[in-house]
Amino acid sequence: MPHNGGMKRLFAAALLVCWAALAAAQPLASPKPGPRDLCPVCGMLVSKYPNWVATIVYKDGHAHHFDGAKDMFKFWHEPAKYAAGHKREDMAAIWVTDFYNLQRVDARKAFYVVGSDVLGPMGHELVPLATKEDAADFLKDHKGKRILGFEDVARDIPSRLDDGKF
């Protein structure tokens, strides 16, 4: 059996391995927009609308912030149109703000209600919710038209929302 110093080193090494495994399992953090961060789609100051913030983080740590999921999806479908040289394959994480609890959630796992009576900073919005149950409740409570998953948000949906078409 190792002496006391050896046990301490063994314990410290095991603790370090566990900590490293936990850190690797954590999703990429969602940075908050600064006071001067502008939405690359519409040019609005994003920090003025903290309840609607969406963020795309790139593998190199660079982030784009948006004043809502609608503009984030416009960017997602055509990143080079809004930021030269930016590509989907370089994106590491995408975050949206859950309407009910105002927590950041993985945009790919969120559900989006369209056609509701709740307007975002840019009018009709893809309202993000963390669970399908919350999305169903929101749809009912706010006269929404339908619930979409991330992959269901086709390229034309954000511009249709701008036109009030659901």
Side-chain angles (χ1 to χ4, degrees), residues 24-136 138-139 142-166:
Q26 296 297 316
L28 196 57
S30 174
K32 292 186 185 240
R36 295 183 177 190
D37 283 329
L38 301 176
C39 174
V41 174
C42 70
M44 289 176 71
L45 282 169
V46 176
S47 62
K48 285 186 167 191
Y49 308 98
N51 296 356
W52 294 96
V53 171
T55 302
I56 293 176
V57 181
Y58 286 83
K59 292 173 185 171
D60 67 3
H62 173 75
H64 283 296
H65 302 285
F66 306 87
D67 57 299
K70 179 173 64 175
D71 279 356
M72 183 274 298
F73 275 106
K74 287 178 183 178
F75 188 93
W76 165 254
H77 285 294
E78 298 181 89
K81 176 179 178 179
Y82 301 103
H86 286 74
K87 296 180 260 176
R88 267 197 215 174
E89 51 270 13
D90 296 331
M91 297 176 188
I94 306 171
W95 301 95
V96 291
T97 304
D98 177 84
F99 181 81
Y100 285 137
N101 67 25
L102 303 180
Q103 298 297 310
R104 296 290 180 96
V105 295
D106 182 337
R108 290 181 174 107
K109 295 178 181 173
F111 297 89
Y112 302 89
V113 175
V114 295
S116 75
D117 59 7
V118 173
L119 301 179
M122 296 288 291
H124 293 288
E125 187 56 81
L126 287 147
V127 180
L129 296 131
T131 69
K132 193 151 193 167
E133 294 78 19
D134 283 350
F138 181 90
L139 180 102
H142 294 281
K143 303 174 184 84
K145 301 295 183 217
R146 57 191 168 135
I147 299 170
L148 303 172
F150 186 88
E151 296 299 327
D152 301 322
V153 181
R155 180 184 299 244
D156 67 324
I157 289 177
S159 59
R160 290 176 51 101
L161 284 171
D162 285 338
D163 296 336
K165 298 175 183 170
F166 321 115

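The chain is numbered in sequence order, starting from 1. It should be emphasised that the depicted structure is a prediction, and the values quoted were computed from it without experimental measurement.
P121 is not listed as a side-chain neighbour of K48, based on a closest heavy-atom distance of 4.5 Å or more. Counting only heavy atoms from C-beta outward, the side chains of H142 and V113 never approach each other to under 4.5 Å. Under the 4.5 Å side-chain criterion, counting only non-hydrogen atoms from C-beta, F66 is not in contact with P33. No side-chain heavy atom of W52 sits less than 4.5 Å from a side-chain heavy atom of M122. With a 4.5 Å cut-off on side-chain heavy atoms, V114 and R160 do not count as touching. In this structure, P50 and T97 have side chains that are not in contact, with every pair of non-hydrogen atoms separated by 4.5 Å or more. Looking at heavy atoms from C-beta onward, K74 lies in side-chain contact with D162 at the 4.5 angstrom threshold. Between W76 and R88 the shortest side-chain heavy-atom distance falls below 4.5 Å.
Contact record, F75 with V41: CB-CG2, 4.0 Å, taken as the closest heavy-atom pair. Across L161 and G115, no two heavy atoms sit closer than the pair CD2-N, 4.4 Å. Considering every non-hydrogen atom in both A107 and M72, the closest pair reads CB-CE, 4.2 Å. Of all heavy-atom pairs spanning L126 and A69, the tightest one is O-CB, 3.5 Å. Across all their heavy atoms, L45 and P35 have their closest contact at CD2-O, 3.4 Å. Considering all non-hydrogen atoms of both residues, F111 and T131 come closest at CD1-C, 3.5 Å.
Here NZ of K87 is found 10.5 Å from OH of Y58. Values are rounded to the nearest 0.5 Å. The NE2 atom of H65 sits 13.0 Å away from the CH2 atom of W95 when rounded to the nearest 0.5 Å. To the nearest 0.5 Å, atom CG of residue D67 and atom CE of residue M44 are 5.0 Å apart. Taking CG from N51 and CG from D98, the interatomic distance works out to 10.5 Å, rounded to the nearest 0.5 Å. To the nearest 0.5 Å, the span separating CD1 on I56 from NE2 on H86 amounts to 9.5 Å. If you take NZ on K165 and CD1 on I157, they are separated by 13.5 Å, rounding to the nearest 0.5 Å.
Ring geometry, F73 versus F150: the interplanar angle falls from 30° to 60°, so the pair is classed tilted. Ring geometry, F99 versus F138: the interplanar angle exceeds 60°, so the pair is classed perpendicular (tilted spans 30 to 60°). Note: H62 and H64 have perpendicular aromatic rings, judged against thresholds of 30 and 60 degrees for the angle between ring planes.
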Begin with the C-alpha distance, continue with both residues' side-chain angles, and end with the deciding distance and a verdict on side-chain contact (heavy atoms from CB on, under 4.5 Å) for I94 and T55.
CA-CA 6 Å; I94 306 171; T55 302; over 6 Å; no
List the steps and the verdict of side-chain contact (heavy atoms from CB on, under 4.5 Å) for R104 and V53.
CA-CA 9 Å; R104 296 290 180 96; V53 171; 3.1 Å; yes
How far apart are the C-alpha atoms of D90 and D60, what are their side-chain angles, what is the distance that settles it, and do they pass the side-chain contact (heavy atoms from CB on, under 4.5 Å) test?
CA-CA 8 Å; D90 296 331; D60 67 3; over 6 Å; no
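Without hydrogens or angle criteria, D71 side chain to G68 main chain gives no donor-acceptor distance under 3.5 Å.
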